[in-house]
Protein chains: 2
Amino acid sequence: MDNDLMTIREMCEAFDVTPRTLRFYEAKELISPLREGQKRLYTRSDRGRLKLILRGKRFGFALEEMRQLLNLYDRGGANEEQLERTIVAARERLAQMERQRDELNEAIDELRSQLENGAEMLAAFRPAAE
Amino acid sequence: MDNDLMTIREMCEAFDVTPRTLRFYEAKELISPLREGQKRLYTRSDRGRLKLILRGKRFGFALEEMRQLLNLYDRGGANEEQLERTIVAARERLAQMERQRDELNEAIDELRSQLENGAEMLAAFRPAAE
DNA sequence: GTCGTGACTTACGTTAACGTCAAGCTTTCT
DNA sequence: AGAAAGCTTGACGTTAACGTAAGTCACGAC
């Protein structure tokens with residue numbers, strides 16, 4: 001059940017992803033499960049990585065960004081410097097997200113005021129206008 | 001200069017877009033400039049449409065959505081019903097944008113708290129951690 | 001032994017909004 | 001006339017993250 005090794009199907013149910021997704025992540029070198037013959041077997045480490053990947057996606061990290069972050073930890077364990085780099089990356093992403101939210105808020109305000117003005121959005125069509 | 005008719009180059013400078021963009025919009029039936037021989041000539045109506053398209057993009061409308069909205073006005077002018085439909089579409093988009101902003105805010109909060117906890121984001125890697 | 005099931009690999013398809021050549025026609029400068 | 005400029009029409013390329021289909025393999029059940 002919750003053995004150390006899980007099949008692809010168990011992984012899919014546990015994380016709510018498709019087999020294609022897991023194979024895709026593997027092709028992109030984000031995960032590298034064991035093999036029993038031709039079949040994939042996912043370890044606890046794989047599950048940890050997948051968890052991080054999915055969390056990263058919620059934060060808007062691209063898979064390639066996640067791969068780079070994850071790889072920092074393959075090269076000899078998590079030392080201070082690597083942790084630091086991860087934190088820096090996270091902070092940058094946070095700033096990006098905040099900028100994105102601010103822009104979105106501006107657009108929202110603008111659109112809302114257009115609507116309040118009775119959709120003057122369409123003024124350009126009325127030959128009478130301006 | 002600011003004649004009723006403008007060349008593609010003048011349009012590009014006026015609206016800060018590339019020729020490719022204008023031809024692309026034309027291929028997608030968002031604009032339909034006149035022709036003088038083989039050359040395109042943009043009318044005041046074209047400028048009005050382009051202005052709306054670009055504004056729509058800022059609001060996150062897809063080009064296809066904008067095309068549909070614009071076409072409402074080609075079919076016999078802007079009557080009450082058409083205006084109504086446009087307003088409905090705009091309201092829906094506004095709601096979408098607000099949802100999107102809310103989700104973004106949640107992600108921001110989550111990421112920020114991760115950072116405040118000293119990047120426990122990486123806990124999954126430490127064999128020591130649960 | 002063969003049937004069904006699940007896993008596997010390979011590879012093309014999808015979506016949006018253009019970018020980037022390539023090659024030809026016209027007008028314009030010299 | 002010849003060349004440079006600017007416009008035109010194809011038509012393929014790009015990016016991300018998978019979806020989807022086609023064909024193969026292996027294994028337990030019968």
| query | Between the axis at one end of the helix from C:dG1-D:dC30 to C:dT30-D:dA1 and the axis at the other (five pairs apiece), what's the angle to 10 degrees? | reply |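 Rounded value for the end-axis angle: 30°.
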| query | Within less than 4.0 Å of OP1 or OP2 of D:dG10, is there a side-chain N or O belonging to B:Arg20? | reply | no
| task | Respond yes when some side-chain nitrogen or oxygen of B:Arg35 is under 4.0 Å from OP1 or OP2 of D:dT9, and no when none is. | result |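 For B:Arg35, the contact criterion (side-chain N or O under 4.0 Å from OP1 or OP2 of D:dT9) is met.
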| task | Give the minimum heavy-atom separation between A:Ala90 and A:Phe61, together with the two atoms involved. | result | CA-CZ, 4.1 Å
| field | Closest heavy-atom pair and its distance - A:Cys12, A:Pro19 | value | SG-N, 3.4 Å
| query | Which sits closer to the 5' end of DNA chain C, B:Gln38 or B:Leu63, going by the nucleotide each is nearest to? | reply | B:Leu63
Length of the line joining [X]:[atom1] and [N]:[atom2], which is rounded to integer Å:
{"X": "A:Phe24", "N": "D:dT20", "atom1": "CZ", "atom2": "P", "answer": "15 Å"}
{"X": "A:Ile8", "N": "D:dC18", "atom1": "CD1", "atom2": "C1'", "answer": "14 Å"}
{"X": "A:Leu50", "N": "D:dC18", "atom1": "CG", "atom2": "P", "answer": "11 Å"}

| Any salt bridge between A:Arg23 and A:Glu26, counting N to O under 4.0 Å? |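 Looking at A:Glu26 together with A:Arg23, the answer is no, because their closest N to O distance does not fall below 4.0 Å.
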| request: Flag the pair B:Arg112 and A:Glu98 as a salt bridge only when some basic side-chain nitrogen lies within less than 4.0 angstrom of an acidic carboxylate oxygen. | output: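 Salt bridge flag = yes for A:Glu98 with B:Arg112.
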| said: As an exercise, state the distance from CZ of B:Arg49 to CZ of B:Arg67, rounded to the nearest 0.5 Å. | reply: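 Between B:Arg49 CZ and B:Arg67 CZ, I get 10.0 Å after rounding to 0.5 Å.
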| said: Distance check, rounded to the nearest 0.5 Å: B:Arg93 atom CZ versus A:Leu115 atom CG? | reply: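 Output value for this atom pair is 12.5 Å.
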| message | Within the 4.0 Å heavy-atom criterion, would you say A:Thr7 contacts the bases, only the backbone, or no part of the nucleic acid? | response | nothing
| With a 4.0 Å cut-off on heavy atoms, is B:Arg23 in touch with a base, just the backbone sugar-phosphate, or nothing at all? | base
| field | Donor-acceptor pair, side chain of A:Arg47 and main chain of A:Met11, under 3.5 angstrom | value | no
| query | What are the bounds, 5' to 3', of the part of DNA chain C that sits under 4.0 Å from heavy atoms of chain B? | reply | C:dA17 to C:dT20
| query | Under the side-chain contact (heavy atoms from CB on, under 4.5 Å) criterion, do A:Gln100 and A:Glu103 qualify, and how do the steps go? | reply | CA-CA 5 Å; A:Gln100 193 182 333; A:Glu103 284 176 28; 5.9 Å; no
| Between the side chains of B:Glu64 and B:Gln68, is a donor N or O closer than 3.5 angstrom to an acceptor N or O? | yes
| query | Between A:Thr18 and A:Lys39, who's closer to the 5' end of DNA chain D by nearest nucleotide? | reply | A:Thr18
